[in-house]
Amino acid sequence: MGATTTAAGIPDATAVPTQGAGSRTKLLSGLLQRHSILLLIVVLIIVFSVLAPDTFPTVANFQGLALQNSVATLLALSVLMVVVIGEFDLSVGYTLGLAAVLAAKLSSELGMSVGMTLLITIGVGTLVGLASGLLVARLKVVSLIATLGVGLAVSGITVGVSGGQTISMNIPPFFSDLVQTRILGVASAVWIVMAVAAVIYIALTRTPAGSKIYATGGSERVAEMVGIRVPLLKCVMFALAGATAALAGILQLGLAGAANPSFGANLLLPAFAAVFLGSTTVRPGIFNVVGTLLAVTLLAVGFSGLSLLGAPFWLQPVFNGGALIVGVILSKLVTSAHGQRSPQR
């Protein structure tokens, strides 16, 4: 648009360049949207630091938060790997529980070497994920139903392996060392999670496979039309999600020093909440790794602060449930605004 002129044809110096102002407003709005969760984390840290200055803003508290949420973060990444292809996996929480019990059983009661225990445990998790993938990709079972069925079956197997009891005797120290060894002041479990997150991030954003994965999540029919082997890709992603959930179970064993057969499923809700909240930031409208990590941090900081202020324990599932609802609604709104498709299955 040209400059505004007076009746005499002289440019009006007082005219406001509305187009430039609109562009700046749009740019600012975009920046706020892409970094909304990070901004909210900063705000919460400031608020809780003021309200609980002796307990919240401490190095020990932040180190504890990072370690305690390493398992939840890994499970969220497991959920993300299936959501990006337009499906859901409700079995990963149960896979986590099975992996923890299986690793404890093999290493403590059967005396198996740590290396073989890790190999078998992650292999079993991979097979569980592959089973879900085959049901969804080959037999065309709706993913919510297929993975719920697989998850319930895995839950039963977990109880059978553990005998319905918590396994806590003779757990090799390797597992606690794997999780709690300090490297540059940060627990090794956090470094493991960051390494896994980095691999997933690079695979999704810097490789041809990542483009195919997002294409499949955007439109399965279009992906098939351009030659993408959608069934194979889905099976691979489900299998990798199962392997990641199994790794989370191994970290949980090291973190708790015991394997509870009922553990795992309770982490599924916050994992989904983190994935959907994460799709509203960094790359709005797209499920992404960095957004998921920020969302996990937001949930962790929020509940930690509330706990230190004396909030009752039952508030956590309420907090997580509310976060999931908000995340799904915001994800749907942002996805619609950016012309993308959310998982429907």
Side-chain angles (χ1 to χ4, degrees), residues 70-85 87-110 112-137 143 146-162 167 171-172 174-175 178-179 189 192-193 195-197 199-200 203 232-256 258-268 271-272 275 292:
S70 58
V71 174
T73 303
L74 208 52
L75 191 65
L77 292 173
S78 177
V79 169
L80 174 68
M81 283 193 285
V82 175
V83 171
V84 291
I85 57 171
E87 304 291 354
F88 292 111
D89 192 347
L90 302 181
S91 69
V92 289
Y94 300 99
T95 302
L96 188 159
L98 174 61
V101 165
L102 187 60
K105 184 82 171 182
L106 293 176
S107 61
S108 65
E109 296 186 12
L110 300 183
M112 192 169 290
S113 68
V114 169
M116 187 60 65
T117 296
L118 295 178
L119 184 63
I120 292 176
T121 301
I122 294 178
V124 169
T126 304
L127 290 176
V128 171
L130 180 59
S132 296
L134 290 172
L135 288 173
V136 173
S143 61
T147 58
L148 179 60
V150 170
L152 292 175
V154 169
S155 177
I157 294 173
T158 302
V159 174
V161 171
S162 66
I167 303 176
I171 303 295
F174 167 84
F175 292 102
L178 178 68
V179 172
I192 292 172
V193 172
V196 173
V199 171
I200 297 173
L232 175 62
L233 187 61
K234 287 189 175 185
C235 287
V236 170
M237 295 306 289
F238 270 100
L240 290 175
T244 306
L247 178 59
I250 292 170
L251 294 189
Q252 173 58 30
L253 176 61
L255 186 63
N260 188 329
S262 64
F263 188 83
N266 59 323
L267 293 180
L268 192 60
F272 271 98
V275 169
T292 298

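The side chain to side chain contact (heavy atoms under 4.5 Å, CB included) with Ile157 is formed by just one residue from the set Val101, Leu98, Val128; it is Leu98.
Taking both residues in full, the closest heavy atoms of Gly93 and Leu268 are given as N-CD1, 4.1 Å, listed atom of the first, atom of the second, then distance. Residues Ser132 and Ser91 come closest through the heavy atom pair OG-OG, 3.7 Å. For the residue pair Ile200 and Met81, the shortest heavy atom distance occurs at CD1-SD, 4.0 Å. The nearest pair of heavy atoms linking Phe88 to Ser143 is N-OG, 3.2 Å. Pairing each heavy atom of Leu253 with each of Ala100, the nearest pair is CD2-O, 4.0 Å. Across all non-hydrogen atoms, the minimal contact from Ala104 to Ile167 is CB-CG2, 3.8 Å.
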Determine all donor-acceptor pairs shorter than 3.5 Å in which one atom belongs to a side chain in residues 115-124; sequence neighbours excluded.
unit_1	atom_1	unit_2	atom_2	d
Thr117	OG1	Ser113	O	2.8
Thr121	OG1	Thr117	O	2.7

N/O donor to acceptor pairs below 3.5 angstrom from side-chain atoms of residues 242-249, sequence neighbours left out:
unit_1	atom_1	unit_2	atom_2	d
Thr244	OG1	Leu240	O	2.8

Please determine whether side chain to side chain contact (heavy atoms under 4.5 Å, CB included) holds for the pair Leu251 and Leu178, giving the CA-CA distance in whole Å, both sets of side-chain angles, and the decisive distance to 0.1 Å.
CA-CA 8 Å; Leu251 294 189; Leu178 178 68; 4.2 Å; yes

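Remark: Leu80 CG to Leu75 CG distance equals 11.5 Å, nearest 0.5 Å. The structure places CE of Met237 at 11.0 Å from CG of Asp89, a figure rounded to the nearest 0.5 Å.
Leu96 places a side-chain heavy atom less than 4.5 Å from the side chain of Val71. Taking the side chain as every heavy atom from C-beta outward, Phe175 and Ser107 approach each other to under 4.5 Å. Put simply, the side chain of Leu134 does not reach to within 4.5 Å of the side chain of Phe238, judged on heavy atoms.
With sequence neighbours left out, Ala256 forms a side chain to side chain contact (heavy atoms under 4.5 Å, CB included) with Gln252.
Between the side chain of Ser108 and the backbone N or O of Ile171 there is no donor-acceptor pair closer than 3.5 Å. Remark: the backbone N or O of Gly125 is not paired with any side-chain donor or acceptor of Thr95 at under 3.5 angstrom.
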